[in-house]
Amino acid sequence: MQNFTENPFIIRCLYVCPNEEPKVEYLNGTEAQMEDLVHGKISSSGIDEGVCVIHNAYSEVLKMPENRTIFNEKFFGPMIVVAFDNFGNILSLPDDDLEYFSKLLALPKTE
C-alpha cells in the first residue's frame, strides 16, 4: 500500500459504510473512483471547516441504508470524509481531523 505522504496525488480519506467501522482509504482523486465507493453519482456536504462528506447524490431516493448523522445532517449509504481547500479541491485529511472523525463516526460500543 502506498503511503499518501510519498505521493501528493494520493488523497487519504475516511471511508464509512453503514453498520461498519470507519476505515482509512486512499483516493486517486478521480470522480469514477469516488462514484464506485459511494455506489453512484457523487455529491458533497460541508460538515466542518475544511472538511466535507462525499456521498451518493441519490442515496435517499435509492433508499440506501442510513449511515450516520453528523452535526444534525443524516447521511445514507457509503460516504467518504475528506478535507478541501479554498478552491474546492479535495485534500488528504490531516492527522487531527482523521483521528477526530474516526472517533466521532465509530459505531456505538455494545456490551
Side-chain angles (χ1 to χ4, degrees):
M1 179 183 294
Q2 179 148 7
N3 184 336
F4 81 99
T5 56
E6 294 173 9
N7 185 340
F9 301 107
I10 300 297
I11 299 163
R12 179 177 68 170
C13 69
L14 199 58
Y15 183 53
V16 187
C17 290
N19 303 313
E20 294 181 20
E21 290 295 339
K23 65 180 182 177
V24 174
E25 278 287 336
Y26 296 89
L27 304 174
N28 58 21
T30 64
E31 188 172 332
Q33 183 191 23
M34 291 183 277
E35 286 177 343
D36 282 347
L37 289 171
V38 301
H39 306 202
K41 292 291 180 194
I42 58 173
S43 183
S44 65
S45 299
I47 56 169
D48 204 357
E49 188 173 331
V51 178
C52 71
V53 168
I54 296 172
H55 55 94
N56 186 304
Y58 304 107
S59 59
E60 287 186 73
V61 173
L62 295 171
K63 299 190 183 319
M64 289 182 151
E66 186 174 327
N67 193 340
R68 307 289 201 283
T69 299
I70 306 172
F71 309 130
N72 297 320
E73 186 169 355
K74 194 174 286 192
F75 293 95
F76 298 86
M79 61 188 199
I80 306 165
V81 182
V82 294
F84 64 93
D85 65 16
N86 293 338
F87 302 104
N89 299 309
I90 63 171
L91 307 169
S92 288
L93 270 178
D95 291 341
D96 56 340
D97 285 331
L98 183 71
E99 183 179 337
Y100 174 78
F101 285 102
S102 292
K103 288 178 182 175
L104 179 73
L105 300 173
L107 293 173
K109 301 293 181 212
T110 57
E111 295 180 36

Go through Ile42 and Ile80 one step at a time and tell me if the side chain to side chain contact (heavy atoms under 4.5 Å, CB included) criterion holds.
CA-CA 10 Å; Ile42 58 173; Ile80 306 165; over 6 Å; no
Indicate the atoms forming the closest heavy-atom contact of Pro18 with Pro78, along with that distance.
CD-N, 3.9 Å
Please determine whether residues Leu91 and Val16 belong to a single hydrophobic cluster, defined as Ile, Leu, Val, Met, Phe, Trp and Tyr linked transitively by side-chain heavy-atom distances below 4.5 Å.
no
Tell me which pairs pass salt bridge (Lys or Arg N to Asp or Glu O under 4.0 Å) where either residue lies in residues 23-34, with sequence neighbours left out.
Lys23-Glu25
Pairs in or reaching into residues 35-50: which pass salt bridge (Lys or Arg N to Asp or Glu O under 4.0 Å), with residues at least two apart or in two chains?
Glu35-Lys41
With heavy-atom distances below 4.5 Å as the criterion, would you say the side chains of Ile54 and Ile90 are in contact?
yes
The criterion is side chain to side chain contact (heavy atoms under 4.5 Å, CB included); which residues satisfy it with Val53, sequence neighbours excluded?
Ile47, His55, Ile70, Phe75, Met79, Val81
With a 3.5 Å cut-off and sequence neighbours excluded, list the donor-acceptor pairs that the side chains of residues 96-108 form with protein atoms.
unit_1	atom_1	unit_2	atom_2	d
Glu99	OE2	Lys103	NZ	3.2
Ser102	OG	Leu98	O	2.7

Cluster question for you: counting only ILVMFWY and a side-chain heavy-atom cut-off of under 4.5 Å, with indirect links fine, are Ile10 and Leu93 together?
yes
Run the side-chain hydrogen bond (donor to acceptor under 3.5 Å, both in side chains) test against Asn28 and tell me which residues pass, sequence neighbours left out.
Thr30
Donor-acceptor pairs are to be reported for all side-chain atoms of residues 57-64 against protein atoms at under 3.5 Å, with residues two or more places apart or in another chain.
unit_1	atom_1	unit_2	atom_2	d
Ser59	OG	Asn56	O	3.3

Residues which pass salt bridge (Lys or Arg N to Asp or Glu O under 4.0 Å) with Glu20, listed by chain and number, not counting sequence neighbours:
none
Taking Phe71 as the starting point, is it possible to reach Phe84 by hopping between hydrophobic residues whose side chains are less than 4.5 Å apart?
no
Pairs involving residues 69-88, ordered by first then second residue, that meet salt bridge (Lys or Arg N to Asp or Glu O under 4.0 Å) (sequence neighbours left out):
Glu66-Lys74
